[in-house]
Amino acid sequence: MSFASSSRSAFRAIANACPSCSRSALPSMRSQAVPAARAGPSKSSRHFASTTPRKATAAAGPVESEMQRAARRSMELSRERMYAERAQRSRTIMMYSAGSLFLALGVTYAAVPAYRAFCSATGFSGVPITDPARFSPDRLYTNEEAQGRKRITVHFEATASDTLPWTFSPQQRSVRVLPGETALAFYTAKNLGKEDLIGIATYNMTPEKIAPYFAKVECFCFEEQKIRAGEEVDLPVFFFIDRDIMDEPQMDCIDDVVLSYTFFRARRNDKGHAVPDASDEVVLRSQGFENYEHAKPIAASA
Amino acid sequence: MSFGRPGTFDNWKVSPPARGSFPLDHDGECKTFMISYLKCLKANAADNGVCRPESRKYLECRMDHGLMTRDDMANLGLGDVGTQHTASAPINPPDAATSTTRI
């Protein structure tokens, strides 16, 4: 505040010493000096007045007095300080907004894999939990509660792709299991072609809500299976339904589950992984996903 | 839920079923055990509980012929099942405290 009052007195000195300063300019300078510590002059006083010091003060007298020079310097300094303060504030605001913009952009990019990770970890909306602990030996048995339940009938279905000349069918129509009880099921596949063919199976489970609880100990999916020409093989599936299904009230009414397999010819993608040799639509249709909207499979994971 | 979906965070190639894939039984070494299991299912209205001895025998055959990594039956959920049919139907899980077969 002290420097403001000193600039005020400096203004008065200049005004008195400078006849060519128009009186209209004075209020602007005064109002400029007084709230120097505050935001700045009000708009109304700034319409016609410029903020730069008028050259008239120098032109008034041939030599500027020491006091006038000091006054003008202090005025300039205060103005500089005000501008610097304002600039600093604007820069801060700009940094914060740019930062939050990039943060929001980053979150949008991270959201997709983060959601998938969340789904795999928690089994939300039907993605099976692939935690190795769910296969610990004590999970493979029923408990008292599970034994009281009605047996769940697991039906089996099998399809072979048109490009694969195999007959592929289940050996039993269904198996009735209790939650926690391990069960064996068999499929049979016969290669009717003239050469050894490699097939890879995709599978699907209905109803979808059983998916997190349906655990396979060992099966014939995930890896390519080579069947020699004219050969017939038995393909076993060793599975169980997790007994935690008893804790889930919405699973109480599930009495039937359908497990369906589709065999496709296998080919290697550019990562060297065996993948079904059929178009994406056909593969997804075999799994009942034709009505779902989803992104195209990424080459590495298809 | 199914294999072959659009890529998820957990790549199915990386985490297949616990023991992976059964090697193919090209020579039909365990076919007789499979047939006895299927006959049992047919006779008992597809009741898995009654036919567990047969599935145990089938898996033991696979292990004997090198078609499955050898493992303790208790780790496969068949520790409480003998190879013969028992007269009583209820299957009681081995008590965690008293079991001696598991690690």
Nearest 0.5 Å, please: how far is [atom2] in [Y] from [atom1] in [X]?
X	Y	atom1	atom2	answer
A/Gln172	B/Cys51	CD	SG	10.5 Å
A/Leu235	B/Leu24	CG	CG	6.0 Å
B/His26	A/Glu232	NE2	CD	13.0 Å
B/Tyr58	A/Asp234	OH	CG	6.0 Å

**Message:** Counting neighbours of CG on A/Asp162 that are heavy atoms of other residues, nucleotides or ligands and sit closer than 6.0 Å, is the number greater than 12?
**Reply:** no
Check [X] against [Y] and note the closest heavy-atom contact, atom names and distance.
X	Y	answer
A/Tyr141	B/Leu78	OH-N, 3.6 Å
A/Phe220	B/Ser21	CA-OG, 3.6 Å
A/Arg176	B/Asp47	NH2-CB, 3.7 Å
A/Ser174	B/Ala46	O-CB, 3.2 Å

**Prompt:** A/Phe238 versus chain B, heavy atoms under 4.5 Å apart: side chain, backbone, both or neither?
**Reply:** both
**Message:** So for A/Gln171, is it side chain, backbone, both, or neither that comes closer than 4.5 Å to the heavy atoms of chain B?
**Reply:** both
**Item:** Donor-acceptor under 3.5 Å (B/Ser55 side chain, A/Leu184 main chain)
**Value:** no
**Message:** Would you say that B/Leu41 contacts A/Val175 through its side chain, given a criterion of any heavy-atom pair below 4.5 Å between the two side chains?
**Reply:** yes
**Request:** Give the C-alpha distance, both sets of side-chain angles, the deciding distance and a yes or no for side chain to side chain contact (heavy atoms under 4.5 Å, CB included) between B/Asn48 and A/Arg151.
**Result:** CA-CA 9 Å; B/Asn48 180 55; A/Arg151 283 185 174 264; 4.1 Å; yes
**Prompt:** Taking only heavy atoms into account, what residues of residues 27-37 of chain B are found under 4.5 Å from chain A?
**Reply:** B/Asp27, B/Lys31, B/Met34, B/Tyr37
